[in-house]
Amino acid sequence: MSTRPDRVVSLRELAAGIPDGSHVALAGFAITRNAVAFAHELIRAGTSGLSVTQVFSGMETDLLVAGGAVDRLTYASGSLDRFGLLHAVNRGVATGRLELIEYSGLALALRLHAGALGLPFVTTRSMLGSDLLAPLVAAGQVEQIESPFDGAPCLALPPLRPDFSVVHVDVADRAGNAVVDGPLWSIPETARASKVALLVAEEIVDVGELDPSRVTIPGSLVHAVAHVPRGGHPTAVYGRYDYDAAHLRSYVAAAGTGAEEHDAYLDRFVRGVSTFDEYLALAAA
Amino acid sequence: MSTRPDRVVSLRELAAGIPDGSHVALAGFAITRNAVAFAHELIRAGTSGLSVTQVFSGMETDLLVAGGAVDRLTYASGSLDRFGLLHAVNRGVATGRLELIEYSGLALALRLHAGALGLPFVTTRSMLGSDLLAPLVAAGQVEQIESPFDGAPCLALPPLRPDFSVVHVDVADRAGNAVVDGPLWSIPETARASKVALLVAEEIVDVGELDPSRVTIPGSLVHAVAHVPRGGHPTAVYGRYDYDAAHLRSYVAAAGTGAEEHDAYLDRFVRGVSTFDEYLALAAA
Amino acid sequence: MSADGRWTGGEMLAVAGSLQVHDGDVAVIGLGLPQMAALLAQRTHAPDARLLLEIGVFEPMPTEPSAGIADPRMWRGATAFGTTLEVLGVMAHGGRVSLGLLGALQVDPWGSFNTTEVEEADGRRRRFRGSGGGNDISSNAGRIVIVMTHQARKFAETLTFLTSPGRQVGDRSRADLGLPGEGTCAVVTDRCVITLDDHGATLESVHPGEHPDAVLADTPIPLAVPDGGTKETPAPTARQLAFIRNELDPNGWYTS
Amino acid sequence: MSADGRWTGGEMLAVAGSLQVHDGDVAVIGLGLPQMAALLAQRTHAPDARLLLEIGVFEPMPTEPSAGIADPRMWRGATAFGTTLEVLGVMAHGGRVSLGLLGALQVDPWGSFNTTEVEEADGRRRRFRGSGGGNDISSNAGRIVIVMTHQARKFAETLTFLTSPGRQVGDRSRADLGLPGEGTCAVVTDRCVITLDDHGATLESVHPGEHPDAVLADTPIPLAVPDGGTKETPAPTARQLAFIRNELDPNGWYTS
């Protein structure tokens, strides 16, 4: 009789599988659906030298940068919506400690999409005429070409295949088939582009309990899934919980004051606890 | 107060909006989810000179070709699964009455995808070394190029933007937001690539009744939707009704015998009735 | 703030911005003031405007204030959720978006703009958000409207960073660059409405209580004056103000 | 039919085809006999084989016979539904498919094959299905297995139409052409198993009751004989036959 794989692991195992220096694609968007629990675990593990790709960077990336885990960030933008900017990211760029590679949102999503589909390269008109273009051309990440059909100027971008991706999903079955509710921004491409797709799930169910028409990320593409209820806190997870405005404000207050204050936040909320549940209890106190 | 559009029209209006000579993309797959009611209506309207694109052609296209509506077909394959081949299509190709343009399934889906995304062109490795390539290159529909990044040989294909697309969906709201259950093959690309996206729906509901996370085709892309329960008969619609094996067998028996017998089928089941409900009653008799 | 205190600059900005949204527009909107302007238009003169968010939200009709486009409150009433590839790709890059309504840190005479970084007085660069979908929208939508607060340093002949192309870049037109659409057609601030066409920028109207000369003095880019002179922007109506204060921004996050 | 009538040629074909599926394979499978072989493997020696259908079906475990891959019966037990872009694109073109299991009208000495059209005795061409995803699978999967009934006219030095490339095309290797994967590694018929490597095709085994010379005579392409001679394909087991007859194809649509 044929079988279904069991891909459920602990969050610690999930994070431990990511070697220093890996290229990790993250999939949160500003203050929504960030894999915060995963970022905490990676900081506690002392992981370093990461290259992170996140189309619309948010809390998870700012935490990882503050925690010293990241050497390079590829993004199209970063913010915590009106709560503020990504202070660790911006500080890292200003001090030169963080290498930043910037695209437009569509261009970066298309690079991941091309990676997912195994396309030799992908084309767009976005970024033509902008200052985004020159550094990408200089780095060999974009070529200015003409359409072989009508001669129109356009850009060629190579596929992007991160080593890992981590997506915070609503429900996954034990084989890694996962449902994401609400808007999906670049989640589908991010999961599909990576060589190893990892999930953090609010809820885990047995194989057969999900409606296959509702599956956003097929288990065939997934390597492991960890069960972490409320693992996106303090960011929002659509239909499950709101962002924690008070916590986000205190985070930005610390992060925006300076590197030392940012580090004190990490000492208290990340390094000062040993599990995400402990963090949740501390944050609720 | 802001409003929602009402895009519901009759099937007759839907079909009447398609001028002779249009390029129409269809989205059924062999014996499943074919817009049969729409094909019937177009044949009764006497529409002619169509260029049809359907990645995995099935019943709807075979009917339209038999009905004399189609001059050119672009496809990757055509069959009625084990019920048989597309006899009208194959006869049209053999007699030269039907111009056939052939791609691989992925290559044609990518052309539609590029049309949907407005990409200057799209690239693939599929079709390299095959006999599919030469006629497409000769027709200027494919260019053999090299990746500007690694010099690897690949193919460039231009975007495809059909004038119309017609998709048979499960449920649509009155604004055209539509849910398709089950596997989706090339439905999303087909609807998004066309300049005018039309739907035939098993069921119509008010705006607000659908879970937006379940919407396969956003109403923002849709121009009109017609309500035709069982409009896919004799093909299957996942979760709603099975294919009608007896009817498919009698269809293939007629279609496979010759053009005259095929036409007699149309005289009886399409031209001999004035609505799809009449056809359904006749088919059930 | 209007001279008599009847409305704030943010309220005036939201109202003037909203008037740039046409009924029937398919509009991708950015974070903050663009949200205010778009939602106000949707609830007043442009009920058939269809809004899109780059996060993958189709046609939301939110009824409570939100902290940005990543705030689920902003997605309420949406008819469909999808991906960035669908909103920035299928809709914008695919030529189906008539309007982009966006914020900016800095604008040049041809309506190109910067959302990436600014240069401080001491020469250091301070980074903000980056492009996100802003570049994609301004590169591909039919027309672009910028809404931002008015400060002289935000208008510059040369941008610190050209995130999003306007009507031309250097001496190259959009068509030369390979871009569709007309580009930026208006810059709306809390003091005036500047319109752009292929001849350049025009001080179309100043808001009630503003004098054109004072606005020109604080807008260090070439600005033409229309035949017949710069007009006065219509004052906010009681209905517009009530909607902003009661529904759109009761906490004054964006318009206070 | 085996000499003693214990199994049909179709049953033997399904069994021999199934043995080409390795446990752990991620396999895209075509209509008809490939379905039989793949499902048989999944239920016998390769429980961890993951099946995919180009229609957008992930890992089905059907329990009743179906009329093809567009038959919803074939999708039962699937863990996810998606698109052709996901199966032929993300999975196959993206390099995540280890095996393609496909039918063919005609095969050449390097395992390139034709699913498009055949030439009749009178020179007229008769069209079949076309490529569908067959070309994409054979162009991008790790290895390809062809399952088809054995007729001499199906083996040809030059194909009527080369729908899907094998290990080389003319004198060009897959690498030369720009294709990944090793290409066709086996052709399984109701009489034999032919394996392919970069040196060409080999008559690996003939089915019980067949003589290698008779099979060679009916296979008009160059076929090597392995060191130690052509083996006999293992006979179907009672368990395999029971599964085919009771569950997989009780109506004998494919294996009678």
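Chain A is the first sequence line, chain B the second, and so forth, proteins listed ahead of strands; every chain is numbered from 1.
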Need one label for [X]: side chain, backbone, both or neither, based on atoms under 4.5 Å from any heavy atom in chain A.
{"X": "Ser138(C)", "answer": "neither"}
{"X": "Asp136(C)", "answer": "both"}
{"X": "Ile55(C)", "answer": "both"}
{"X": "Thr84(C)", "answer": "both"}
{"X": "Arg174(C)", "answer": "neither"}
{"X": "Ile69(C)", "answer": "both"}
{"X": "Tyr254(C)", "answer": "side chain"}

- Report the distance from atom OG1 of Thr116(C) to atom CG of Asp131(A), rounding to the nearest 0.5 Å.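 CG of Asp131(A) is found 8.5 Å from OG1 of Thr116(C).
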
[X] versus chain C, heavy atoms under 4.5 Å apart: side chain, backbone, both or neither?
{"X": "Asp242(A)", "result": "side chain"}
{"X": "Ala236(A)", "result": "side chain"}
{"X": "Tyr243(A)", "result": "side chain"}
{"X": "Thr235(A)", "result": "neither"}
{"X": "Leu85(A)", "result": "side chain"}
{"X": "Ile187(A)", "result": "neither"}
{"X": "Ala107(A)", "result": "backbone"}

Heavy atoms only: give me the nearest [X]-[Y] pair and the separation to one decimal.
{"X": "Phe56(A)", "Y": "Leu88(C)", "answer": "CZ-CD1, 4.4 Å"}
{"X": "Ser130(A)", "Y": "Thr163(C)", "answer": "CB-O, 3.6 Å"}
{"X": "Ser126(A)", "Y": "Asn140(C)", "answer": "OG-ND2, 3.2 Å"}

What residue, out of [options], has the most heavy-atom pairs lying under 4.5 Å from chain C?
{"options": "Ser77(A), Ala245(A), Ala109(A)", "result": "Ser77(A)"}
{"options": "Leu106(A), Leu108(A), Thr124(A)", "result": "Leu106(A)"}
{"options": "Ser186(A), Ala30(A), Gly129(A), Ser57(A)", "result": "Gly129(A)"}
{"options": "Asp181(A), Leu80(A), Leu132(A), Val89(A)", "result": "Leu132(A)"}

Mind checking whether [X] and [Y] have side chains closer than 4.5 Å, heavy atoms only?
{"X": "Tyr103(A)", "Y": "Ser131(C)", "value": "no"}
{"X": "Thr32(A)", "Y": "Pro72(C)", "value": "yes"}
{"X": "Leu110(A)", "Y": "Leu85(C)", "value": "yes"}

query: Is it the case that more than 12 heavy atoms not belonging to Arg161(A) sit under 6.0 Å from its CZ atom?
result: yes

Query raised in the report: Counting only N and O atoms by type, is there a donor-acceptor contact under 3.5 Å from the side chain of Asn135(C) to the main-chain atoms of Met127(A)?
Result: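 Answer holds: yes.
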
TODO: Considering only NZ, NE, NH1 and NH2 on the basic side and carboxylate oxygens on the acidic side, decide whether Arg82(A) and Asp71(C) come within less than 4.0 Å.
DONE: no

Ignoring hydrogens and geometry beyond distance, is a side-chain donor-acceptor pair present between Tyr75(A) and Arg129(C) at under 3.5 Å?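 No, no side-chain donor-acceptor contact under 3.5 Å.
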
**Request:** Could you check whether the rings of Phe81(C) and Tyr238(A) sit parallel, tilted or perpendicular, using 30° and 60° as the cut-offs?
**Result:**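 Rings of Phe81(C) and Tyr238(A): perpendicular, as their planes differ by over 60°.
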
